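Below: one structure, written as structure tokens.
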Amino acid sequence: MADNKPMRLWGGRFEGGPSDALTRLSVSVQFDWRLAPYDLLASRAHARVLHRAGLLTQDELDRMLGALDDLDRACRTGEFRPTVADEDVHTALERGLLERLGTLGGKLRAGRSRNDQIATDLRLYLRDHVRTIVSRLVELETALIGQAEENAETAAPGMTHLQHAQPVSFGHQLLAHAHALTRDVDRLRDWDRRAAVSPLGSGALAGSSLPLDPAAVAAELGFDSAAPNSMDAVADRDFAAEFLFCAAMIGVHISRLGEELVLWASQEFRWIEVDDAYSTGSSIMPQKKNPDVAELARGKSGRLIGALMSLLTTLKGLPLTYNRDLQEDKEPVFDAVDTLLLVLPAVAGMVSTMRVNKAKLEASAPDGFALATDLAELLVRRGVPFRDAHEAVGHLVVWCQVNDKDLGELTDEELAKVSPHFAPGPDGSVRDVLNVPGALAARAARGGTAPDRVRDQIAALRETVDDQAAWANES
Ligand code: ARG
């Protein structure tokens with residue numbers, strides 16, 4: 001930023017200039033400059049409303065819109081830049097307008113305040129960026145669905161307490177992560193509906209005595225309606241806090257996926273191999289290949305949650321209406337947007353390129369007596385109360401541990417020795433249920449891990465994701 005003569009929007013009633021300490025504390029243009037395109041959009045809509053109210057002639061409106069277009073162009077090319085003397089984005093843009101229009105530039109401020117402007121700009125910025133974030137989520141969902149499709153039939157150890165529990169389709173597990181992300185997209189779409197309210201026209205806090213048309217401005221800016229209460233409109237930052245909750249929840253979801261990817265890539269699991277393009281090495285250990293993308297996904301959730309906490313803490317206890325504390329809303333919001341746009345493509349790339357070690361997954365799927373529940377459920381089908389079946393299978397597991405055998409290796413005699421319930425019956429040998437593909441296929445009700453159900457999920461998810469992608473691409 002170049003150093004320039006200060007131009008403030010509020011000098012009239014002051015004798016001396018502000019102290020350096022105040023100026024340094026007060027300035028926000030170094031971060032709110034990214035709102036410039038949105039502030040300019042709102043300015044165009046405001047100029048039209050001033051014209052319709054008879055406060056700008058047709059010629060003045062034409063010159064005003066021409067200057068706003070030119071300023072927009074100059075901002076985009078970097079020809080116009082904020083200076084350290086511009087307090088905020090609104091100040092900088094008014095300077096740009098005055099440079100182009102002289103005194104006519106001063107007419108645009110009528111009937112609006114930085115209080116309704118900043119609330120409008122931040123809503124516009126977020127509504128725009130939420131669609132980009134949804135597009136990135138769709139890419140990650142698509143990567144997970146693609147891997148799930150390849151692995152609908154791949155049996156894997158399903159875990160609770162990070163201990164082998166029951167075999168599952170690895171595709172089923174990958175889709176569990178995709179479902180969490182589809183809820184995140186749902187939340188953002190729902191958020192957008194509530195965020196589609198325009199604060200412009202609220203002025204500083206009480207509305208304007210000028211004959212403005214808040215509904216027309218709202219419509220021009222793509223909002224569904226104008227705010228019904230000017231005081232709420234300038235004081236409310238629910239939309240920012242709610243966005244940050246959505247972002248934090250996405251952070252939590254990708255941290256859980258990240259943690260699993262880290263585990264899966266470890267020597268102990270060896271379920272996946274991370275593509276070189278998404279791995280890093282060690283500066284000292286030449287053999288290392290580290291899953292940094294997944295670790296950063298896990299780590300970034302900390303700052304996303306922090307952003308939410310930061311804003312909620314700022315908002316707590318604020319009296320109505322606008323208070324300068326509200327300037328603190330922007331950095332957490334911007335940081336959350338930047339973080340998501342940085343981390344989501346990397347995770348999507350890591351997931352879509354990882355190689356799944358099907359042989360290792362299939363081999364470990366029955367480990368840890370993972371078919372014990374299937375055995376107990378067979379006894380239930382034979383009429384044994386589940387309580388007794390559970391106990392008998394528990395004894396069998398202990399017998400196996402003592403005798404260093406797996407469930408599948410037991411003979412009819414050994415089985416019968418532990419409990420008469422395990423003797424062959426009209427339904428055949430209990431050993432028949434001790435196979436992993438059978439265990440997967442048996443869980444065939446809605447939501448179960450049977451490969452057929454996994455394929456149903458994939459079909460349904462693809463429809464959901466297509467719909468989400470279409471929403472993100474609507475303007
Ligand atoms: N930079 C301010 C913010 O971010 C803009 C609104 C300033 N309003 C005021 N009354 N000082 O909140």
Side-chain angles (χ1 to χ4, degrees), residues 1-2 7 9 27-50 61-84 86-101 105 108-109 112-136 188 191-192 195-201 216-224 237 239-240 243 247 326-327 329-342 472-475:
M1 287 184 234
M7 189 215 74
L9 302 182
V27 64
S28 60
V29 76
Q30 70 280 18
F31 55 81
D32 67 20
W33 182 242
R34 71 165 83 188
L35 297 175
Y38 305 96
D39 202 73
L40 287 164
L41 278 177
S43 287
R44 288 189 189 91
H46 187 63
R48 289 196 184 91
V49 155
L50 288 176
L61 174 65
D62 293 343
R63 282 163 57 212
M64 186 79 81
L65 293 176
L68 287 168
D69 285 347
D70 183 61
L71 186 53
D72 198 359
R73 180 201 54 75
C75 291
R76 287 177 202 277
T77 59
E79 178 191 318
F80 182 84
R81 268 192 246 260
T83 75
V84 286
D86 293 321
E87 185 180 311
D88 55 23
V89 58
H90 320 293
T91 313
L93 291 175
E94 182 162 313
R95 177 172 61 78
L97 203 60
L98 293 173
E99 282 167 11
R100 282 162 178 75
L101 290 175
L108 190 61
R109 217 199 290 167
R112 70 177 187 179
S113 149
R114 284 184 291 168
N115 298 354
D116 59 351
Q117 271 182 276
I118 194 66
T120 305
D121 293 357
L122 194 57
R123 281 176 191 258
L124 288 171
Y125 166 86
L126 269 179
R127 294 191 70 212
D128 194 15
H129 283 76
V130 153
R131 293 185 187 248
T132 314
I133 291 167
V134 168
S135 294
R136 299 293 87 80
L188 287 171
W191 168 90
D192 186 67
V197 177
S198 168
L200 267 189
V217 173
E220 179 170 343
L221 295 175
F223 289 113
D224 292 343
R237 292 296 183 275
F239 68 95
F243 165 76
L326 291 176
Q327 181 163 297
D329 62 356
K330 277 167 283 301
E331 285 163 293
V333 163
F334 294 157
D335 190 64
V337 169
D338 292 346
T339 299
L340 289 175
L341 294 181
L342 198 59
N473 292 327
E474 276 169 17
S475 51

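Everything numeric here is computed off the predicted structure, so don't read it as measured data.
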Next item on the list: Show your working on side-chain contact (heavy atoms from CB on, under 4.5 Å) between L126 and V337 and close with a plain yes or no.
Entry: CA-CA 8 Å; L126 269 179; V337 169; 4.0 Å; yes
Notebook entry, point to check: Is the closest basic N to carboxylate O distance between R237 and D329 below 4.0 Å?
Noted result: yes
Item checked: Test log, rule side-chain contact (heavy atoms from CB on, under 4.5 Å), inputs R48 and L65 -> CA-CA 9 Å; R48 289 196 184 91; L65 293 176; 4.0 Å; yes
Next item on the list: To the nearest 0.5 angstrom, please state how far the CZ atom of R114 sits from the CZ atom of R109.
Entry: 8.0 Å
Next item on the list: Could you grab the distance from atom OG of S43 to atom CD of Q117, nearest 0.5 Å is fine?
Entry: 6.0 Å
Note to self: Could you walk me through whether V333 and F31 satisfy the side-chain contact (heavy atoms from CB on, under 4.5 Å) test, starting with their C-alpha distance in whole Å, then the side-chain angles of each, then the deciding distance to 0.1 Å, before giving a yes or no?
What the structure shows: CA-CA 11 Å; V333 163; F31 55 81; over 6 Å; no
Notebook entry, point to check: Taking R34 as the fixed residue, which of D335, D121, D338 is the one that meets the salt bridge (Lys or Arg N to Asp or Glu O under 4.0 Å) rule?
Noted result: D338
Margin query: Between R76 and D72, does any side-chain N to carboxylate O distance fall below 4.0 Å?
Written below: yes
Notebook entry, point to check: Okay, side chain of D69, backbone of G66: is any donor-acceptor separation there less than 3.5 Å?
Noted result: no
Next item on the list: List the atom of G96, the atom of L71, and the distance in Å for their closest heavy-atom pair.
Entry: CA-CD1, 3.9 Å
Next item on the list: Take S113 and D116 through the side-chain hydrogen bond (donor to acceptor under 3.5 Å, both in side chains) test and state the conclusion after the steps.
Entry: CA-CA 6 Å; S113 149; D116 59 351; 4.5 Å; no
Notebook entry, point to check: Which heavy atom of T120 sits nearest a heavy atom of A42, and at what distance?
Noted result: CG2-CB, 4.5 Å
Next item on the list: Can you see which heavy atom on W191 is nearest to which on F239, and at what distance?
Entry: NE1-O, 2.7 Å
Next item on the list: Provide the closest heavy-atom pair for R73 versus E79 in the form atom of the first, atom of the second, distance.
Entry: NH1-OE1, 3.1 Å
Checklist line | Backbone of V89 reached by a side-chain donor or acceptor of D32 within 3.5 Å | finding: yes
Notebook entry, point to check: Do R123's NZ or CZ and the ring of F223 fall within the cation-pi criteria of under 6.0 Å and 45°?
Noted result: no
Note to self: I need the minimum non-hydrogen distance between G105 and L98, along with the two atoms involved.
What the structure shows: C-CD2, 3.8 Å
Note to self: Using every non-hydrogen atom in the two residues, find where K330 and L35 come nearest and quote the distance to one decimal.
What the structure shows: CD-CD1, 3.8 Å
Item checked: Evaluation steps, side-chain contact (heavy atoms from CB on, under 4.5 Å), between E99 and R95 -> CA-CA 6 Å; E99 282 167 11; R95 177 172 61 78; 2.8 Å; yes
